[in-house]
Trainee: 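Input: one structure, supplied below.
Counting starts at 1 for both ligands and their atoms, in listed order. Since the structure is predicted, the reported quantities are computational estimates derived from the model, not experimental observations.
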Amino acid sequence: MTSFSRIVVSPPGPKARDLLKKDEQFVSPSYSRFYPLVLDSAKDCLLKDVDGNEYIDLNSGIACLNVGHNHPRVVAAIKNQCEKFLHYSNTDFYYEHVINLAEKLAELTPGGSKKKTYFGNSGTEAVEAGVKLAKWHTRKQLLIAFINGFHGRTMGSLSLTASKPGQRRHFFPLMSGVTHVPYGYCYRCPFKLTYPDCDYWCVAFIEELVLQKSAPPEDVAAFVFEPIQGEGGYVVPPPGYFMKLKKLADKHGILTIVDEVQSGVGRTGRWFAIEHWGIEPDIICSAKALASGLPIGATTASNNIMDWPAGSHASTFGGNPLSCAAALAVIDVIKEERLLDNSNKQGGYALKRLSEFGEANQIVGDVRGKGLMIGIELVENKEGKLPAPEKAREVMLRSWKRGVAIVTCGLSTLRLSPPLTIQREMLDAALDIVEDSISEVETEA
Ligand SMILES: Cc1ncc(COP(=O)(O)O)c(C=O)c1O
């Protein structure tokens, strides 16, 4: 319990348990719920479950509520739009929200070129559109994606996803032409090298052992990557990594598709996380936080790349007016409330605090992140670096039962992605609980 959260009955309480029984009966078992938190309502950084327990939210509905739950400006924009019209298929007609949001995204996405945006309804659709656009524009068939990456679960995006085997098992054959290569995951370098002595071998490897051996660059449409891997474990590549990758791409006329579905819209203290590496990707995919919980996917590219003709790609609900109205309000809120600054400020503080805590704790292997996208990778012990999934799960559950909603990613990483509105006092209260839970689990080991 903290001064912000309140546990009145050990969760899951009786109302939650009744709903869980019904869920088991009627809802697809394919969802992988972290724990039985059954939400009743939420406001800014706080959640209330159906039994009246209150929690600090370090999840933001999996990085979707960057402006906080139910921001009044966003709710007003949605209500206002509800009164006007709910849908009229941007595929077939026009309305101003799509046009205005595309204009904003052209301004906010990295790079000075003139840009256009395609709208879908989800992260996976944003990636699918990016892939189709790259194939259309280049007339090439192959794609290079990264081990540990997550890009969604529809068949095209799933072909790029390589995060957990359960996401792909029994779904083959997937889209052909995808080669997976190691990512810049220095804490667990797949080549067992050390940065910076490695001299970015993970990038040189792509050229020397993939492009020159099995995937001829003349046939490679794009590299597809997350600037910070999300589901794969909040993995932050080293400085310079994406510059090298972009240089390689440019050398061979290969496009870069950056998947900012989880890391975008201010999460890392910049509008888009790739800005931390200073490169201009060719295609930018965003979703999740863009419409503060309403479904949206956006695929943005320069005018010369987004050259596909009428009829080549579309979706009935893509660019839904409610979602676009919400997204326009989200952008205003991030600017007016200076949430990029707060993400940097609170994120920088949390990273420092957790790193110091981690140094003295045997099961904290690595603490990394940018802005308010922070991962704490737990291990069996610092020297062996053996991933500790059970320990991570235990810390997650204990934190939840004490009033802090946090989840894991990768094999054994705790992920912090609170709303960007969070303030120091609440952040400290949440970190107290998370750190205490880690210390307890460490002591009991
Ligand atoms: C980086 C990334 N790309 C794509 C997706 C897929 O998004 P959606 O679940 O909206 O299809 C996710 C979802 O977690 C993601 O984190």
Side-chain angles (χ1 to χ4, degrees), residues 28 30-34 59-66 109 118-132 134 143 145-164 166-168 171 174-175 178 180 183-185 222-237 242 256-268 272-274 276 281 283-300 315 317-320 323 326-327 330 369-375 407-410 413 415-417:
S28 163
S30 61
Y31 300 111
S32 50
R33 271 67 169 261
F34 285 102
N59 300 326
S60 302
I62 313 299
C64 291
L65 282 313
N66 288 7
T109 46
Y118 165 86
F119 290 102
N121 306 284
S122 60
T124 197
E125 283 177 71
V127 174
E128 294 274 350
V131 165
K132 284 181 73 176
L143 296 153
F146 290 78
I147 293 168
N148 226 24
F150 185 90
H151 300 284
R153 297 169 184 268
T154 52
M155 292 306 260
S157 303
L158 184 60
S159 316
L160 305 166
T161 288
S163 164
K164 296 196 174 87
Q167 292 154 353
R168 291 160 62 99
F171 293 126
L174 300 173
M175 176 175 69
V178 179
H180 284 101
Y183 190 71
Y185 187 177
F223 292 154
V224 190
F225 54 87
E226 294 160 90
I228 295 177
Q229 287 186 329
E231 302 306 302
Y234 275 31
V235 180
V236 187
F242 288 116
T256 46
I257 304 179
V258 66
D259 179 346
E260 293 265 9
V261 167
Q262 186 150 173
S263 56
V265 197
R267 167 73 27 216
T268 69
F272 293 92
I274 197 66
H276 291 284
I283 299 176
I284 299 152
C285 307
S286 39
K288 282 194 186 284
L290 186 55
S292 202
L294 294 199
I296 196 164
T299 308
T300 306
S315 135
F317 290 122
N320 173 274
S323 301
V330 164
K370 294 212 180 276
L372 281 167
M373 183 170 189
I374 298 176
V407 297
T408 58
C409 55
T413 298
R415 61 169 127 174
L416 266 80
S417 58

Trainee: Are Val330 and Leu290 side-chain neighbours, meaning at least one heavy-atom pair lies under 4.5 Å?
Mentor: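 No, too far: nothing below the 4.5 Å cut-off.
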Trainee: Any side-chain heavy atom of Ser159 sitting closer than 4.5 Å to one from Phe171?
Mentor: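 Of all side-chain heavy-atom pairs linking Phe171 with Ser159, none is under 4.5 Å.
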Trainee: Taking 4.0 angstrom as the limit, do Arg415 and Glu231 come out as a salt bridge?
Mentor: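 Judged by the 4.0 Å cut-off on N to carboxylate O distance, Arg415 and Glu231 do form a salt bridge.
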Trainee: Considering only heavy atoms, which protein residues lie less than 4.0 Å from any atom of ligand 1?
Mentor: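 The answer is Ser122, Gly123, Thr124, Phe150, His151, Gly152, Glu226, Glu231, Asp259, Val261, Gln262, Lys288, counting any residue whose heavy atom sits under 4.0 Å from ligand 1.
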Trainee: In a check of side-chain contact (heavy atoms from CB on, under 4.5 Å) between Lys288 and each of Val265, Ile62, Ile296, which one passes?
Mentor: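 Single side-chain contact (heavy atoms from CB on, under 4.5 Å) partner of Lys288 among Val265, Ile62, Ile296: Ile62.
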Trainee: Check the side chains of Ser28 and Ser30 for a donor-acceptor pair under 3.5 angstrom, ignoring hydrogens and angles.
Mentor: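 Yes - a donor-acceptor pair under 3.5 Å links their side chains.
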Trainee: Test of understanding: with side chain to side chain donor-acceptor pair (under 3.5 Å), list the residues that count as partners of Tyr183, not counting sequence neighbours.
Mentor: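 Tyr183 satisfies side chain to side chain donor-acceptor pair (under 3.5 Å) with no residue once adjacent residues are dropped.
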